[in-house]
Peer 1: 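Got a structure for you, questions after.
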Amino acid sequence: AQSVTQLDSHVSVSEGTPVLLRCNYSSSYSPSLFWYVQHPNKGLQLLLKYTSAATLVKGINGFEAEFKKSETSFHLTKPSAHMSDAAEYFCVVRGPYSGGYNKLIFGAGTRLAVHP
Amino acid sequence: DTAVSQTPKYLVTQMGNDKSIKCEQNLGHDTMYWYKQDSKKFLKIMFSYNNKELIINETVPNRFSPKSPDKAHLNLHINSLELGDSAVYFCASSQAQGGSSYNEQFFGPGTRLTVL
């Protein structure tokens, strides 16, 4: 079965320092993986997606993630945090194809706090 | 222009009442979804409709009934509200998906339901 585990429920960084949000996945086949961001009182927005093309995926707002099959990881990084990056981040795996469709399976989320 | 909109944004009601949440998308998408996000931010799909046809129906109490009058609208009606129904409910939409393809899901801003 497909699943994702976000290793940190909270991450706190200073503005201008690197961001690392960790995600491990479990999948019985080549996975499709995504990172979504949820700003306070807002809906979710897709940051980036991996669908078996390049293993280093670049997303919006300077974020990127690297798919590492040997480590079953899909960590999200950003070289320099900005105050506006403070939000909840979700690692997501596409579930099995069933009934003609795929469900998204969400991780528990990581809350990123950015301090001045 | 709002891509996926939900009304109301906040809903406070008493146990035992019946309430509805409305969702509309102006993206021309074929597929719409309802998700529930609990107090720990865990996000789980409830329903999905494609062209007014129910395609995903997770283990959700019968008190929850989605209705799709057309492919641009997916409403959620909840009967006999319980305390445990308190959550944020997100509507989302995407182009039809399945198999090896993935189409980004666009989320609405959420409806925060509080049952007293």
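Quantities reported herein were computed from a predicted structural model and do not represent experimental measurements. So you know, we letter chains A, B, ... as the sequences are listed, proteins then strands, and number each from 1.
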Peer 1: For chain A, which residues from residues 35-49 of chain B lie under 4.5 Å away (heavy-atom distances)?
Peer 2: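 Heavy-atom contacts from residues 35-49 of chain B to chain A are B:Tyr35, B:Gln37, B:Lys40, B:Lys41, B:Phe42, B:Leu43, B:Ile45.
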Peer 1: Any chance CG of B:Asn62 has more than 12 other-residue heavy atoms, nucleotides or ligands included, within less than 6.0 Å?
Peer 2: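 At most 12 heavy atoms, drawn from other residues, nucleotides or ligands, come within 6.0 Å of this atom.
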Peer 1: List, one per line, each side-chain donor-acceptor pair under 3.5 Å for residues 10-17 of chain B, sequence neighbours excluded.
Peer 2:
{"residue": "B:Thr13", "atom": "OG1", "partner": "B:Asn17", "partner atom": "ND2", "Å": "2.9"}

Peer 1: Are A:Leu47 and A:Met83 linked, directly or through intermediate hydrophobic residues, by side-chain heavy-atom contacts shorter than 4.5 Å (ILVMFWY only)?
Peer 2: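 Same cluster.
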Peer 1: Answer yes or no: is there a side-chain heavy-atom contact under 4.5 Å between B:Gln105 and A:Leu104?
Peer 2: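 Side-chain contact under 4.5 Å: yes.
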Peer 1: With a 4.5 angstrom heavy-atom cut-off, which part of A:Gln38 approaches chain B: side chain, backbone, both or neither?
Peer 2: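 For A:Gln38, the side chain is the part near chain B, not the backbone.
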Peer 1: What parts of residues 80-91 of chain B touch chain A if we use heavy atoms and a cut-off under 4.5 Å?
Peer 2: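 Interface residues of residues 80-91 of chain B: B:Phe90.
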Peer 1: Hydrophobic clusters here meaning ILVMFWY residues chained together by side-chain heavy-atom distances under 4.5 Å, can you tell me if A:Leu21 and A:Val57 are in one?
Peer 2: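 Yes, it is one cluster - the side chains of A:Leu21 and A:Val57 are joined through contacts under 4.5 Å.
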Peer 1: Do any pairs count as a salt bridge (charged side-chain N to carboxylate O under 4.0 Å, His left out) and have a residue in residues 15-38 of chain A, sequence neighbours left out, and if so which ones?
Peer 2: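 Checked against salt bridge (charged side-chain N to carboxylate O under 4.0 Å, His left out) - neighbours excluded - the pairs reaching residues 15-38 of chain A are A:Asp8-A:Arg22.
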Peer 1: Check whether A:Phe63 and A:Val92 end up in the same hydrophobic cluster, where Ile, Leu, Val, Met, Phe, Trp and Tyr are linked by side-chain heavy atoms less than 4.5 Å apart.
Peer 2: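 No, separate clusters.
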Peer 1: Honestly curious: do A:Tyr50 and A:Leu48 fall in one hydrophobic cluster under the side-chain, below-4.5 Å linking rule?
Peer 2: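 Yes; A:Leu48 is reachable from A:Tyr50 via cluster members.
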Peer 1: Given the options B:Glu58, B:Lys9, B:Gln6, B:Arg112, which has more heavy-atom pairs under 4.5 Å with chain A than any of the others?
Peer 2: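 Of the options given, most contacts go to B:Glu58.
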Peer 1: Atom NZ of A:Lys42 and atom CZ of B:Phe107: how far apart are they, to the nearest 0.5 Å?
Peer 2: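 Going from the NZ atom of A:Lys42 to the CZ atom of B:Phe107 covers 16.0 Å.
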Peer 1: Hydrophobic clusters here meaning ILVMFWY residues chained together by side-chain heavy-atom distances under 4.5 Å, can you tell me if A:Phe67 and A:Ile105 are in one?
Peer 2: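 Same cluster: A:Phe67 reaches A:Ile105 through Ile, Leu, Val, Met, Phe, Trp or Tyr contacts under 4.5 Å.
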